[in-house]
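Just so you know, residue 1 is the first one in the sequence shown, and it goes up from there. Nothing here was measured: the structure is a model prediction, and the numbers come from that model.
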Amino acid sequence: MRKFFLLICTLLITSYLYGCSENDTAMPSNAATYTDNNEVNTDDISQIPEQTADTELDSNNSMTLGQSNALKKAKQYIESSAFSYQGLVEQLEFEGYEHADAVYGAENCGADWQEQANKKAKQYLDSSAFSYNGLIEQLEFEGFSTEAAKKAVDGCGADWFNQAAKKAKQYLSSSAFSRDGLIEQLEFEGFSYEQAVYGVESVGY
């Protein structure tokens, strides 16, 4: 009887231990499945290509730092003085901007180059004296087209006889001329003979 009781106990203990072993083995499998599902749910990989594309698009549509600064500087120059397109590009390059950035600034600053030529012609007349042809040549030297230069000079409202008188006075303030020599010098500057004579006579010759 005692042996039978021990046998029953042994069978019950063995059965209990076997059942625990099966449960322990199943748990890691369930945990792994849960972990895999959790990783899939939390990683929204479908959004990655779209975000990358948006970033590239924004980058392609934006200015570089050099372009942005060149554009700002170009606008500052246009607001304070007058430049031709070529003159503005050269000025920006003189400031240290790369050629491509200087070109970008000049092309996108919103300048009206004819208006710039008009302003430049008046600035020159405010500071010195020019003949009609001399002022056109000066504007061309500044980088304006011949057409823009002529339009600017035609519209500047200058009295070329008075310009000849101012030029004659400027020459005599810095050097000595005979009457004929001063007339020839004014003609060399682009004044007509009549304008040169008027200028010379205005200073007492």
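- Considering CD of Glu187 and CD of Glu194, their distance stands at 9.0 Å, rounded to 0.5 Å.
- Atoms CD and CD, on Glu90 and Glu95 in that order, are 13.5 Å from each other to the nearest 0.5 Å.
- Under the 4.5 Å side-chain heavy-atom criterion for grouping Ile, Leu, Val, Met, Phe, Trp and Tyr, Tyr171 is connected to Tyr205 within one hydrophobic cluster.
- Residues Cys109 and Leu88 share a closest heavy-atom pair of SG-CD2, 4.0 Å.
- Counting all heavy atoms, side chain and backbone alike, Ala102 lies closest to Ala70 at N-CB, 4.4 Å.
- Shown here for Leu135 and Cys156, the closest heavy-atom pair between the two residues is CD2-SG, 4.4 Å.
- Under the 4.5 Å side-chain criterion, counting only non-hydrogen atoms from C-beta, Leu92 is not in contact with Asp101.
- Proximity of a side-chain donor or acceptor of Ser68 to a complementary backbone N or O of Leu65 within less than 3.5 Å is not detected.
- Taking 4.5 Å as the limit, every side-chain heavy atom of Tyr193 sits out of range of all side-chain heavy atoms of Leu186.
- Two residues are said to be in side-chain contact when any heavy atoms from C-beta on lie closer than 4.5 Å; Trp160 and Val153 meet this criterion.
- By the 6.0 Å contact criterion, NZ on Lys122 is open, its count of non-hydrogen atoms from other residues, nucleotides or ligands being 12 or less.
- The OH atom of Tyr198 lies 11.5 Å from the CD atom of Gln163; values are rounded to the nearest 0.5 Å.
- Taken together through direct or relayed side-chain contacts under 4.5 Å among Ile, Leu, Val, Met, Phe, Trp and Tyr, Trp113 and Tyr77 form part of one hydrophobic cluster.
- Across all their heavy atoms, Leu182 and Ala168 have their closest contact at CD2-CB, 4.1 Å.
- Using a 4.0 Å cut-off between charged side-chain N and carboxylate O, Lys75 and Glu79 make no salt bridge.
- Using a 3.5 Å distance cut-off with no hydrogens or angles, the side chains of Gln114 and Asn118 do pair a donor with an acceptor.
- Around atom CD of Glu98, no more than 12 heavy atoms belonging to other residues, nucleotides or ligands sit under 6.0 Å away.
- Expressed to the nearest 0.5 Å, how far OH of Tyr85 lies from CZ of Phe144 amounts to 13.5 Å.
- Leu71 and Val103 fall into different hydrophobic clusters, where Ile, Leu, Val, Met, Phe, Trp and Tyr are joined by side-chain heavy atoms under 4.5 Å apart, directly or via other members.
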Practice prompt. Tell me, with the steps shown, if Gln195 and Asp159 meet side-chain contact (heavy atoms from CB on, under 4.5 Å).
Written response: CA-CA 10 Å; Gln195 292 166 353; Asp159 183 326; over 6 Å; no

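- At least one donor-acceptor pair closer than 3.5 Å links the side chain of Ser127 to the backbone N or O of Tyr124.
- Considering only heavy atoms from C-beta on, Tyr104 comes within 4.5 Å of Met63 through its side chain.
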Discussion item. Test side-chain contact (heavy atoms from CB on, under 4.5 Å) on Ser81 and Gln123; report intermediate values, then the result.
Written reply: CA-CA 9 Å; Ser81 188; Gln123 287 178 3; 3.8 Å; yes

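- The two residues Lys119 and Ile78 make their nearest non-hydrogen contact at NZ-O, 3.4 Å.
- At least one side-chain heavy atom of Val89 sits less than 4.5 Å from a side-chain heavy atom of His99.
- Side-chain heavy atoms closer than 4.5 Å link hydrophobic residues (I, L, V, M, F, W, Y) into clusters, and following such links, even through other members, never connects Ile183 to Phe161.
- Between Gln170 and Ala129, the closest heavy-atom pair is NE2-N, 3.6 Å.
- If you take CD on Glu184 and CZ on Phe188, they are separated by 11.5 Å, rounding to the nearest 0.5 Å.
- The line from CD of Gln91 to OH of Tyr97 is 11.0 Å long, rounded to the nearest 0.5 Å.
- For Lys150, the NZ atom is loosely surrounded, since the number of other residues' heavy atoms within 6.0 Å does not exceed 12.
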